[in-house]
Amino acid sequence: MKSLIHDYGEACKDIVTGAKEHPGKAAFYLSLFTGIGVCSSKAPSEDSFHCSVLEASAELLLLSPWTRSGKSDQHVLNLTNLSNEGRLRYLNLIVVSLVYEAPYDPDVDLYPAHCPHLKPRWSDFPSRVLDVGFFGRWWFLQSKMKDFDVNEEEFAHLPDHMRTLTFNDLHSQENERLSQLKYKPVIMPETVGVTG
């Protein structure tokens, strides 16, 4: 036991002398390990994913089906269905977390679920990843929920130049003039030859 403590003491002394000899390298490794530690402490859990999906579903349910984004609605519906079927899997990779789709529920006792030759290949894994959690957020879900209250199909019949708005369209001098115009009093033209 004493020799083990002595070895660890010598290793610590070597680290300190190495840091004094190469301070830039030591600072780089220290910042690298600190970054990894912070990212691993902020990696979202499986429960946080389920909570995020439920929150997204609740936000979508507050909207009429005609005003919801089809992209957001379909993504959340897919995640909810996979969760209900028991086909969502969570993987913590220390710095990031992954949620991916499994072909079967783990409790399914079918032959294709247990046959090693029918299991999905690792080369197909990237296509089965549904979300990436990093630094306390689920990034794919967040990107799919962007503008969830805008139904893109509503504007499909418009010409291309009318489908998008730029900053200048919303903040132009003409818009400002029209906005100020609504505060001016309405002047009725006087009628000529009105008799009482």
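With contacts defined as side-chain heavy-atom distances shorter than 4.5 Å, the pair Val129/Val99 does not qualify. In this structure, Phe140 and Val132 have side chains that are in contact, with non-hydrogen atoms separated by less than 4.5 Å. Leu130 has its side chain out of reach of Leu141: every pair of non-hydrogen atoms, C-beta onward, lies at least 4.5 Å apart. The shortest side-chain heavy-atom distance between Met145 and Leu60 falls under the 4.5 Å cut-off. Under the 4.5 Å side-chain criterion, counting only non-hydrogen atoms from C-beta, Val150 is not in contact with Ser69. Lys146 places none of its side-chain heavy atoms less than 4.5 Å from the side chain of Ser143. Side-chain atoms of Leu88 and Tyr100, non-hydrogen and from C-beta on, never get closer than 4.5 Å to each other. A heavy-atom distance below 4.5 Å is not found between the side chains of Asn151 and Thr67.
Under the 4.5 Å side-chain heavy-atom criterion for Ile, Leu, Val, Met, Phe, Trp and Tyr, Leu61 and Trp66 are members of distinct hydrophobic clusters. Residues Leu93 and Trp122 fall within the same hydrophobic cluster, defined by Ile, Leu, Val, Met, Phe, Trp and Tyr side chains chained together at heavy-atom separations under 4.5 Å.
Here NZ of Lys144 is found 9.5 Å from CG of Asn78. Values are rounded to the nearest 0.5 Å. Between Lys182 atom NZ and Arg177 atom CZ the span is 13.5 Å, to the nearest 0.5 Å. For the atom pair NZ of Lys71 and CD of Glu153, the computed distance is 12.0 Å after rounding to the nearest 0.5 Å.
Between the side chain of Arg68 and the main chain of Asp73, no donor-acceptor pair closer than 3.5 Å is present. In this structure a side-chain-to-backbone donor-acceptor pair under 3.5 Å is present from Ser97 to Pro44. Counting only distance, with no hydrogens or angles, the side chain of Ser83 and the backbone of Leu79 share no donor-acceptor pair below 3.5 Å. Using a distance-only test at 3.5 Å, with no hydrogens or angles considered, a donor-acceptor pair links the side chain of Trp139 to the main chain of Phe134. At distances below 3.5 Å, not a single donor-acceptor pair connects side-chain atoms of Arg87 with backbone N or O atoms of Asn84.
Counting non-hydrogen atoms of other residues, nucleotides and ligands closer than 6.0 Å to CZ of Arg137 gives a total of 12 or fewer.
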Side chains of residues 47-54: which donor-acceptor partners sit under 3.5 Å, not counting sequence neighbours?
{"unit_1": "Ser48", "atom_1": "OG", "unit_2": "Ser45", "atom_2": "N", "d": "3.3"}
{"unit_1": "Ser48", "atom_1": "OG", "unit_2": "Ser45", "atom_2": "O", "d": "2.9"}
{"unit_1": "Ser48", "atom_1": "OG", "unit_2": "Trp138", "atom_2": "NE1", "d": "3.0"}
{"unit_1": "Ser52", "atom_1": "OG", "unit_2": "Ser48", "atom_2": "O", "d": "2.9"}

